[in-house]
Amino acid sequence: MKAFLQFYNSSLGRKIIMSLTGLFLCTFLLQHLIGNLLLFKGEESFNAYSEFMVGNPIIRTIEFGLFAALLIHPFFALLVWLQNKRARPTEYESYKLSENSPLASRITMLSGTIILIFLIVHLRTFFIPLRFAEIHPSPYALVQDAFSNAYYSGFYLVALVLLAYHLKHGFQAAFQTLGLRDKKYSKLLDAIAVIFWLIIPLGFASMPIFFYWMSRNGNWASVIGVN
């Protein structure tokens, strides 16, 4: 118990917990994107996927781990941030943050906070109606309705831009903290990082763009000019 408390109270221990939960959430993002891409296959395919996710006991069990990670990751991020602030209560006059760290690193707390707000809104929009409503709506129709709203789609896209910045710094920092960013594999990790901070956000961004465009043009055939 004493060893655990020492680990919990140490800066390195908190960073390790934050890194592990962050990487776990990255794997969830990948799985979530793959499933959501079924939206482009049509209503029947996406609804069948959603029903499978809701009814599968293994998936439901994993959800507990997911929600735990969603709480633990920002909590420990805040602890590390406060610990760093206490370690340097006053700014050095000669220290210029913009010259010593990349933008993605400097806005980590800001991007993380807005992403957390977005997740709460996102869960309220999709998860709660699908799981707790007396009459369960069609998952596809729920997505279609949400993304036909310009404000929600705009907020979704802004959150994805911040997510990209957050992952650009966080993915690399996690491997650095865990001591796994060896020079021998740095190029490989950089390549894998692109999947998470660029390709995955672009994949998610395609959904509000697609459905908002559809809501303004009637159907996809009219958008691409097919009679």
Side-chain angles (χ1 to χ4, degrees), residues 1-33 57-123 127 159 162-197 200-201:
M1 186 65 179
K2 183 179 180 181
F4 173 78
L5 290 175
Q6 289 177 339
F7 178 79
Y8 170 84
N9 289 319
S10 69
S11 177
L12 179 60
R14 291 173 176 179
K15 287 180 179 179
I16 289 175
I17 293 173
M18 187 172 65
S19 298
L20 291 174
T21 52
L23 290 174
F24 172 69
L25 291 173
C26 282
T27 62
F28 166 75
L29 275 177
L30 180 59
Q31 178 274 323
H32 194 49
L33 174 62
I58 297 176
I59 300 298
R60 297 296 295 272
T61 302
I62 293 174
E63 280 182 356
F64 289 104
L66 173 63
F67 282 112
L70 287 172
L71 294 174
I72 293 170
H73 184 75
F75 175 72
F76 278 89
L78 178 62
L79 289 181
V80 170
W81 182 76
L82 291 174
Q83 196 169 29
N84 290 340
K85 291 289 287 185
R86 285 196 297 267
R88 194 183 64 202
T90 58
E91 298 292 334
Y92 299 112
E93 291 183 5
S94 61
Y95 184 83
K96 294 183 179 180
L97 188 60
S98 61
E99 297 178 1
N100 291 275
S101 60
L103 176 62
S105 175
R106 299 198 305 273
I107 67 170
T108 298
M109 281 301 297
L110 173 63
S111 61
T113 301
I114 296 176
I115 291 166
L116 181 61
I117 294 171
F118 164 75
L119 285 173
I120 294 171
V121 174
H122 190 65
L123 290 171
F127 182 82
L162 292 172
L163 176 65
Y165 272 101
H166 195 78
L167 292 175
K168 186 175 177 62
H169 168 69
F171 189 83
Q172 303 285 10
F175 281 94
Q176 186 72 36
T177 298
L178 297 172
L180 300 175
R181 189 168 173 76
D182 189 273
K183 289 184 178 180
K184 183 179 179 181
Y185 302 107
S186 60
K187 290 185 178 180
L188 176 61
L189 287 175
D190 289 341
I192 295 173
V194 172
I195 297 174
F196 289 94
W197 70 262
I200 287 179

Are there more than 12 heavy atoms of other residues, nucleotides or ligands under 6.0 Å from atom CD1 of I58? no

Rounded to the nearest 0.5 Å, how far does [atom2] of [Y] lie from [atom1] of [X]?
X    : Y    : atom1 : atom2 : result
M109 : L82  : CE    : CG    : 7.0 Å
L70  : L116 : CG    : CG    : 8.5 Å
Q172 : I192 : CD    : CD1   : 9.5 Å
L180 : S19  : CG    : OG    : 9.5 Å
F67  : I72  : CZ    : CD1   : 13.5 Å

Listed partners of F196 passing ring pair (Phe, Tyr, Trp, His ring centres under 6.0 Å), at least two apart: F171

Mind checking what makes ring pair (Phe, Tyr, Trp, His ring centres under 6.0 Å) contact with Y185, not counting sequence neighbours?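 Residues passing ring pair (Phe, Tyr, Trp, His ring centres under 6.0 Å) with Y185: none at all.
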
Any side-chain heavy atom of [X] within less than 4.5 Å of one from [Y]?
X    : Y    : answer
L25  : H32  : no
T21  : F75  : no
F7   : I17  : yes
L20  : I16  : yes
W81  : L78  : yes
I200 : L167 : no

Is there a side-chain contact (heavy atoms from CB on, under 4.5 Å) between H122 and I115? Walk through the geometry before answering. CA-CA 10 Å; H122 190 65; I115 291 166; over 6 Å; no

Among H169, H166, K168, the one residue meeting side chain to side chain donor-acceptor pair (under 3.5 Å) with S111: H166

Would you name the heavy atoms of W197 and P201 that are closest together and state the gap between them? O-CG, 3.4 Å

Heavy-atom pair with the smallest gap, counting every atom of F24 and L66: CE2-CA, 3.7 Å

For Q176, what residues pass the side chain to side chain donor-acceptor pair (under 3.5 Å) criterion, not counting sequence neighbours? none

Flag, side chain of R14 to backbone of Y8, donor-acceptor distance under 3.5 Å: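 Yes, the answer is positive, given that a donor and an acceptor are paired below the 3.5 Å cut-off.
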
